[in-house]
Amino acid sequence: MLKLQLSRLASPLGELLLVTDNDCAIHALDFADHRARLHRLLLQLHDDEVALSEGDAPHAVAAAMERYFDGELAAIDALPVATLGDALQRKVWAALRRIPAGRTTSYGELAKLLGFDDPRAAIDIGAANGSNPVGIVVPCHRVIGRNGDLKGYAGGVFRKRRLLEHEGALPAADARIDEKNAQAETMQLPF
């Protein structure tokens, strides 16, 4: 049985639940009000063979998250993650880490850049994106609809918007003149 540590981190968007292993690799990161989702994903990805004990967050992870929320957006880029999942999920999650802060891409564009020609592959990419257990660090919030709509986010669309505003991909709410027409810059990812 895999033994993991559950810890809590404060964030401007609400308390975070962090799950790490003995090597400080992140297995899950989610908002505390989505604890059931975090547990469900952990059990699915670890074949029901996981034991959680509560403790303090590893200093390196906690410090990097604090720096990220303080505006040093690249502070989380090198954090180690231990993402399990099927081949498509791992491919999508690795691609998400290559989307730089302040940029977004669409589900369809991500599917194309991962080598999928069928436009319906965006649905599979969206499902893999939605099953990402390591929010923020594996930045699934940086994937939006082709038309600029934010679409779903496991932590809540309001948090997705706030994260994209924090990273500069969307104008801050108080600077937004016409929210209906505000769209994030979409990038082309070189894969």
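Everything numeric in this text was worked out from a predicted model, so none of it was measured.
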Going by the rule side chain to side chain donor-acceptor pair (under 3.5 Å), which residues pair with Glu66 if we only count those two or more places apart in sequence or in a different chain? none

Looking at side-chain heavy atoms only, is the closest gap between Leu18 and Met65 below 4.5 Å? no

According to side chain to side chain contact (heavy atoms under 4.5 Å, CB included), who are the partners of Lys112, at least two apart in sequence or on a separate chain? Glu109

Contacts of Asp21 that satisfy salt bridge (Lys or Arg N to Asp or Glu O under 4.0 Å) - sequence neighbours left out: none

Taking side chain to side chain donor-acceptor pair (under 3.5 Å) as the definition, give me every residue that meets it alongside Arg162, ordered by chain and number, with sequence neighbours left out. none

Roughly how far apart are Ser53 OG and Lys3 NZ, rounded to 0.5 Å? 8.5 Å

Is the closest side-chain heavy-atom distance between His34 and Phe31 below 4.5 Å? yes

Among Ile, Leu, Val, Met, Phe, Trp and Tyr joined by side-chain contacts under 4.5 Å, find the other residues sharing a cluster with Leu41 and list them by chain and number. none

Measure the shortest side-chain to side-chain distance between Arg161 and Tyr153 over non-hydrogen atoms and say whether it is less than 4.5 angstrom. no

Who pairs with Arg159 by salt bridge (Lys or Arg N to Asp or Glu O under 4.0 Å), at least two apart in sequence or on another chain? Asp33

A side-chain contact here means heavy atoms from C-beta on lying under 4.5 Å apart; do Glu167 and Arg142 qualify? yes

Heavy atoms of other groups near Asp70 CG, more than 12 under 6.0 Å: yes

Qualifying residues under side chain to side chain contact (heavy atoms under 4.5 Å, CB included), relative to Phe116, sequence neighbours excluded: Leu88, Ala111, Leu114, Ala121, Ile125

Checking His27 now: which residues fulfil ring pair (Phe, Tyr, Trp, His ring centres under 6.0 Å) with it, not counting sequence neighbours? His46

Would you call Arg35 and Asp30 a salt bridge, taking side-chain N to carboxylate O under 4.0 Å as the test? no

Residues in salt bridge (Lys or Arg N to Asp or Glu O under 4.0 Å) with Glu15, at least two apart? Arg8

Residues that, via side-chain heavy atoms closer than 4.5 angstrom, fall in one hydrophobic cluster with Leu52: Leu2, Leu4, Leu6, Leu17, Val19, Leu38, Leu42, Leu43, Val50

Within the 4.5 Å heavy-atom criterion, are Leu170 and Thr104 side-chain neighbours or not? no

Shortest non-hydrogen contact from Ile76 to Ile136? CD1-O, 3.6 Å

Partners meeting ring pair (Phe, Tyr, Trp, His ring centres under 6.0 Å) with Tyr107 (sequence neighbours left out): none

Report the residues that fulfil salt bridge (Lys or Arg N to Asp or Glu O under 4.0 Å) with Asp23, sequence neighbours left out, ordered by chain and then residue number. none

